[in-house]
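To keep things clear, I will list the structure first and then write my remarks on it.
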Amino acid sequence: MLLERDQLTSGSTWHAAGGFHTLNGDPNVAMLQSYTVSLYQELERISGQSCGMHKSPGIMLADTPERMEFLKMTVARGRYLGMDTQIISVKEAKDYFPFIEEKYFLGALLDPNEGHLDPSGTTYAYAKAARLGGATIEVQTKVESLEQKPDGTWRVITNKGVVECEHVVNCGGLWAREVGRMVGVELPVLAMEHMYLVTDDIPEVVAFNKSAGKEIGHVIDFGAESYLRQEGKGMVLGVYEQAGVPWSPKNAPWSFGQELLQPDLDRIAPSLEIAFKHFPTLEHAGIKRVINGPFTFAPDGNPLVGPVQGRTNFWSACGVMAGFSQGGGVGLALSNWMVDGDPGFDIWGMDVARYGDWATRTYTNAKVRENYSRRFRIRFPNEELPAARPLQTTPLYDTFIEQGAVMGDSWGMETPLWFAPSKAEAHDVVSFHRSNDFPHIKAECKAVREAVGVTEIANFAKYEITGAGAEAWLLKVMTNTMPKTGRIMLTPMLNENGKIIGDFTVAKADEGRYMMWGSSQAQVYHMRWFEQHLPKDGSVKVEPYGMKLIGLSIAGPKSRELLQRLTDDDVSGESFKFMDYREMEVATVKAKVNRVTYTGDLGYEIWVAPEYQRRLYQSIMAAGADLGIKNFGMRALLCLRLEKNFGTWFREFRPIYGPFEAGLDRFIKLDKPDFIGKAAALKEKQEGPKKTRIFMVVDADDCDVMGDEPIWVDGKVVGWVTSGGFGHYVNQSLAQGYIPTALVKPGMQLEIEILGERRKATLQMDPPFDPEAKRMRM
Ligand SMILES: Cc1cc2nc3c(=O)[nH]c(=O)nc-3n(C[C@H](O)[C@H](O)[C@H](O)COP(=O)(O)OP(=O)(O)OC[C@H]3O[C@@H](n4cnc5c(N)ncnc54)[C@H](O)[C@@H]3O)c2cc1C
């Protein structure tokens with residue numbers, strides 16, 4: 001049942017420009033957009049209602065070499081999604097949009113799968129199809145409050161009476177925040193004012209239609225931060241201006257109906273000036289009307305979909321900023337999820353669980369404004385965005401800054417990325433190519449591999465699992481067996497479909513007490529899963545530590561000697577073995593110590609309460625001075641793990657891969673009693689994995705892979721890169737990715753398309769650093 005306080009389309013939908021496209025920075029979201037676009041024909045067929053579709057190719061125009069590189073990268077990424085995009089010349093682009101002043105542009109991307117539709121007709125087509133499928137739609141019915149009953153079902157209180165139901169989906173659009181607040185949730189979503197103008201008829205448009213026999217195509221002009229398309233005999237020109245203005249930053253008024261906001265042409269004038277220079281014909285066109293309307297964004301511009309963690313049977317389907325590109329995909333994911341308990345594909349990029357409670361209303365305001373102003377900007381792979389930062393900091397933040405740390409935002413927390421020789425040099429020169437951090441990361445890697453390095457690891461998720469039922473529960477939700485007291489195990493976590501939804505380090509601290517580490521980004525995502533699967537009798541408790549436990553990792557051949565200098569416990573190799581866990585005093589501080597590190601070297605993770613972190617760090621630096629200790633950051637850590645072919649969560653390990661595809665075989669204990677996903681994992685093993693995670697050495701130039709590049713074999717795209725970069729210690733450009741299992745041959749030659757150029761790569765079975773894994777066991 002859909003409850004609508006006014007009429008259908010009454011939020012941001014009725015005045016939308018109605019454009020749609022499949023391109024998205026996240027390939028998984030791009031697939032859902034592609035599904036949405038393909039749905040309209042079906043919708044028209046089922047409902048008999050026209051969506052007012054105009055399919056016309058779209059072009060994106062590059063006015064700088066960087067944007068040209070970005071377009072080449074976008075085309076390459078689209079290849080393995082089956083997208084039919086291509087790079088065309090500026091001259092060719094004029095076949096779709098004749099008004100281009102050629103001298104301003106270098107080239108364009110052509111996407112045949114774009115167009116625009118009638119927002120109102122489409123909404124009514126959805127509604128009619130839903131009614132035919134058994135849905136009820138109640139208009140003029142405002143939800144005023146939500147009450148949860150003890151059994152988890154809902155009483156939805158409206159101005160017309162009460163609806164009793166099992167699940168509630170918040171698809172309140174402009175009022176999604178207000179609906180969230182009805183259950184005590186502050187969703188990170190904010191509406192921005194958005195302007196587009198419709199011109200009078202333009203004779204050149206009519207002439208083009210006549211001579212070319214087609215409509216003018218859709219255009220994105222990055223330089224002018226504008227989009228354009230034909231409307232009648234004129235044009236629509238929309239702008240994502242720099243000085244964007246939020247609409248109703250605190251509370252959206254319930255009285256807001258089908259109304260428009262006051263246009264402010266001055267605000268979009270800088271973009272219009274560029275657009276008129278780029279497309280001089282438009283400068284002389286009269287303006288028929290200017291639309292200024294609000295619509296919503298999450299901090300990263302993607303929707304907020306899925307069950308809301310900490311609430312029962314309460315779902316989100318809001319923050320949908322491009323409803324006509326994304327609506328169908330959002331609906332599909334949501335309905336799969338509600339019916340089958342799983343969205344059916346990887347929707348991390350739009351999962352409501354990708355934000356923590358640090359994403360407050362004012363944080364969201366700062367980030368949404370930043371995102372709006374960057375809608376048509378490139379984000380370089382080494383680019384950190386500044387709004388609302390620093391947000392969370394550890395006690396070492398200032399110490400690191402003083403030492404030249406370049407910080408990155410890791411799930412709201414400041415984390416050292418790399419260390420420059422001085423504060424003055426501590427910034428990234430953003431680029432698709434190797435950049436100014438290169439020699440410094442190299443030096444950090446060398447220190448770890450040859451002496452000892454220290455890095456902050458506060459940004460891991462950490463959990464304590466306690467209770468009489470803790471072990472049985474862990475055995476049920478995880479794929480591996482559980483460790484003995486004082487030992488550590490690595491374990492993936494699967495969903496019922498046997499796909500990877502987590503990758504954890506578990507230590508048994510005591511009977512009925514486990515410590516567990518996972519990806520910080522996935523903390524809410526994982527807590528949601530844990531809560532859904534905890535026994536109802538209270539026999540198991542899972543508690544995230546958040547910032548109450550933060551850590552430093554020391555790694556490298558001299559790390560044991562360093563640790564020994566800080567403790568009177570025996571930490572010799574015989575006493576404190578690889579994969580041991582110990583609660584001990586380090587530098588007089590109570591610490592939980594893991595003998596593992598993600599560097600693949602001898603090393604330790606030392607976890608302490610935040611009030612002791614400075615002391616621990618100072619002690620490590622003092623005791624390690626004559627051992628050659630050096631700070632290393634997240635980028636060096638990721639490089640070191642790459643040299644060992646370790647996978648990472650959300651790159652190599654995601655809910656689109658099975659554990660055997662991902663090469664996690666040794667952590668899947670099919671001979672232990674039932675665990676979630678066992679039957680599907682067994683099937684994967686019996687049938688054999690369809691694709692396989694591979695490791696490649698790349699013949700790169702000055703540009704390493706960034707992720708999502710296509711992998712070519714014999715002139716065909718057969719797979720994609722998940723992550724990679726330069727392996728500084730082994731002095732090779734490295735990449736990980738997936739290709740069909742049937743193709744995998746040790747030493748085989750492949751190609752990876754980096755920024756539009758196919759570079760040779762060699763498939764390697766063993767990691768280039770320490771293939772026998774002796775260093776970790778030293
Ligand atoms: C100027 C402009 C141009 C745009 N151009 C495009 C474009 O070209 N392409 C594109 O894809 N997108 C475009 N958009 C964005 C698009 O409009 C949105 O993505 C889309 O409308 C979002 O739809 P929604 O259903 O999530 O939210 P909304 O349209 O806001 O709908 C939410 C509905 O929920 C109802 N509601 C809220 N609270 C309650 C309650 N308590 N009880 C009952 N009912 C309630 C509201 O009345 C409303 O009808 C544009 C938007 C604007 C403003």
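First listed ligand is number 1; within each ligand, the first listed atom is number 1.
A side-chain donor from one of Q230 and N209 sits under 3.5 Å from a side-chain acceptor of the other.
Applying the side chain to side chain donor-acceptor pair (under 3.5 Å) test to residues at least two apart or on different chains, none of the pairs has a partner in residues 128-139. The side chain to side chain donor-acceptor pair (under 3.5 Å) analysis of residues 244-254, with sequence neighbours excluded, yields the pairs R181-N251. Among pairs with a residue in residues 28-46, those fulfilling side chain to side chain donor-acceptor pair (under 3.5 Å) read N24-Q33, Q33-Q326, at least two apart in sequence or across chains.
Tested against E225 for a side chain to side chain donor-acceptor pair (under 3.5 Å), the candidates R375, R377, R374 yield a single pass: R377.
Cation-pi geometry between K55 and F20 is not satisfied (NZ or CZ under 6.0 Å from the ring centre, within 45° of the ring normal).
At a heavy-atom cutoff of 4.0 Å, ligand 1 is surrounded by L3, E4, R5, S10, G11, S12, T13, H15, A16, A17, G18, G19, T141, K142, V143, C171, G172, G173, L174, W175, V179, H194, Y196, W254, G293, P294, F295, V320, M321, A322, G323, F324, S325.
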